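Both backbone and side-chain heavy atoms feed into the values below; hydrogens, waters and symmetry mates do not. Keep in mind that this is a model prediction, so the values were computed, not measured.
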There are 2 protein chains.
Amino acid sequence: MSLPRGVTTLKEVRDSCRNCRLRSLCLPESLSTADIGKLEEIVHRRKPIARGDYLFQAGHPFTAIYAVRTGSIKTSTLLSNGDEHISGFHLPGEVIGLDAITSDRHPSAAIAMETTSVCEIPFNSLEALGEQAPALQHQLVRIMSRELVTEQGTAQLLTRRSAEQRLAAILLNFSDRFANRGLSASRFRLPMSRLDLGNYLGLVPETMSRTFRRLEEQGLLSIAGKEVSILDKCALTELAYGTGPDASDTTRSGRA
Amino acid sequence: MSLPRGVTTLKEVRDSCRNCRLRSLCLPESLSTADIGKLEEIVHRRKPIARGDYLFQAGHPFTAIYAVRTGSIKTSTLLSNGDEHISGFHLPGEVIGLDAITSDRHPSAAIAMETTSVCEIPFNSLEALGEQAPALQHQLVRIMSRELVTEQGTAQLLTRRSAEQRLAAILLNFSDRFANRGLSASRFRLPMSRLDLGNYLGLVPETMSRTFRRLEEQGLLSIAGKEVSILDKCALTELAYGTGPDASDTTRSGRA
DNA sequence: CGCACGATTGACGGCTATCAAGGTGTGTGG
DNA sequence: CCACACACCTTGATAGCCGTCAATCGTGCG
């Protein structure tokens, strides 16, 4: 299988960051071709992992961060009472493991929600490379900043919002993220079970089921198994983020 | 006011990062003396701001991150329905503004909860300096990672936990943070109003009041205005993070 | 002193968790 | 091909927590 130097194999083309469809979402965003080349040298493409397999477990030593290539990953922490809390769902192009940098151990576990392939980026190598390629270092910081904004949005989602609002918001969130990846914004397949989605939203499965049905009855969407069709994005957005039932009333001073 | 070069003024001693009591919590953590010296050159000590004043507002251009020196800061975002959501409370040594890096605009506002002084760290200068001092760059990444872990903890706090559990958890959180700053872990003054604390926890003021009273009646703590005394840290911890009322029962398989 | 704001208390109602039972789908083994 | 097991989802009845509304109280400040 050895090839002369300088020859680009099909595998290299398929695996390279520079040809990756997700470049614009991931670490290589706005990097020079030279810097991307350096990055490719330290990135290791892992073979796909099966649904339910762990990419890493909570407590494991931190050695690398990972970028989802295909499939999807959920991250979860174990609460002291034994329950599991799902902290996030991660689609292709998103980077996971960043919460482990500060403690050298993964605070959360990462589990594949379907057959999933990832790019492994050894963190020591990344830090070393960052010293030669400042743009890469800056991009890492920018990705972490984006993650902070996302987490703040999650906290808002969970704070005094009804089940309907939470579900509407997360569906719109997935819609946007699928659209960013070139898929349909109005029709997509949720990779996780309703139990997992409810866990993330702080709702029990029974409430998830009833809430889905209510949104369907309102004509906002239709579901068939894990397939979701958004029928009225406008109304769904109003429900998720809107001013509520008293939209036209501006005489009240509000909660502020 | 001009002094010969090489003379260290009192102001410089008081303002220097190397002599700062909060060094171990802040950006200079584990940096060499030389690197701290470089950092000091770009840090700008702002004059104190009064209670209620904005350090920056949502939507403002992002130019710098800030480290709280004395006092305390709350960060908040405006929801589309006009309500305010408080995303965090920040004590001396903590860094704020990191969520703005990704978008060049502050997504949230920062407001002083009391007379507060901060160190302003222009971000362009910090990034430039990071290219010469890799340890500084790494420390920035580590601080952002720590922030991610904190945010995940907040999300957990807000997910399917009772008012008592939320209040117990945030009080223990403040207890730890005050202790890390050399203050008493069992007796401290909350810098924010109950309304703000409730806003952060997703609870209305009425519920805050009732929950405080219930914790007092259980003998876990005592309050007088904003002064909090933790009387039974052990029981409070059990309440906040424990296995709940059915602790000794292991026959049930739980929610998982 | 009067005012404004925050904190408190009580009555009430709605939303969602809980408990219980049944239904649906999928993969597995006979 | 069918039967079975298992996980997931759905549906209904009930209860409890917390939000809402309303009124009162306390405190700091002009």
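- Below the 3.5 angstrom threshold, one finds no donor paired with an acceptor across the side chain of A:Arg166 and the base of C:dT16.
- A salt bridge is absent between A:Arg210 and A:Glu206; no separation between the charged side-chain nitrogens and carboxylate oxygens falls under 4.0 Å.
- Comparing atom distances between the B:Glu206 side chain and each of C:dT16, C:dT9, D:dC9 picks out C:dT9 as nearest.
- Between A:Arg194 and the phosphate of D:dT10, there is a side-chain N or O to OP1/OP2 separation shorter than 4.0 Å.
- Checked against D:dG19, D:dT11, D:dA22, the side chain of B:Val204 finds its nearest nucleotide in D:dG19.
- Less than 4.0 Å separates DNA chain D from at least one heavy atom of each of the following residues of residues 211-221 of chain A: A:Arg213.
- Regarding A:Leu158, its CG atom lies at a distance of 13 Å from the P atom of C:dT16, rounded to whole Å.
- Considering only residues two or more places apart in sequence or on other chains, A:Arg194 meets the salt bridge (charged side-chain N to carboxylate O under 4.0 Å, His left out) condition with none of them.
- In summary, the side chains of A:Thr77 and B:Gln156 do present a donor paired with an acceptor at a separation below 3.5 Å, with no hydrogens or angles considered.
- The residue B:Gly198 sits apart from the nucleic acid: no heavy atom pair falls under 4.0 Å.
- Relative to the side chain of A:Ser162, the nucleotides C:dT9, C:dT16, D:dC9 differ in distance, and C:dT16 lies closest.
- Using a cutoff of 4.0 Å between basic side-chain nitrogens and carboxylate oxygens, A:Glu94 and A:Arg146 are not scored as salt-bridged.
- As rounded to whole Å, 13 Å separates atom P of C:dA7 from atom CG of B:Leu167.
- Between B:Thr207 and D:dC18 there is no side-chain N or O to OP1 or OP2 distance below 4.0 Å.
- A donor-acceptor contact closer than 3.5 angstrom is absent between the side chains of B:Ser87 and A:Gln152.
- Of the candidates C:dA17, D:dG19, D:dT11, the closest approach to any side-chain atom of A:Arg160 belongs to D:dG19.
- Between A:Lys226 and D:dC9, a side-chain N or O to OP1/OP2 separation shorter than 4.0 Å is present.
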Candidate pair A:Tyr200 and A:Phe89, rule ring-ring contact (aromatic ring centres under 6.0 Å, His included), full reasoning = CA-CA 9 Å; A:Tyr200 175 77; A:Phe89 303 110; 5.2 Å; yes
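- Not counting sequence neighbours, the partners of B:Lys233 by the salt bridge (charged side-chain N to carboxylate O under 4.0 Å, His left out) test are B:Asp176.
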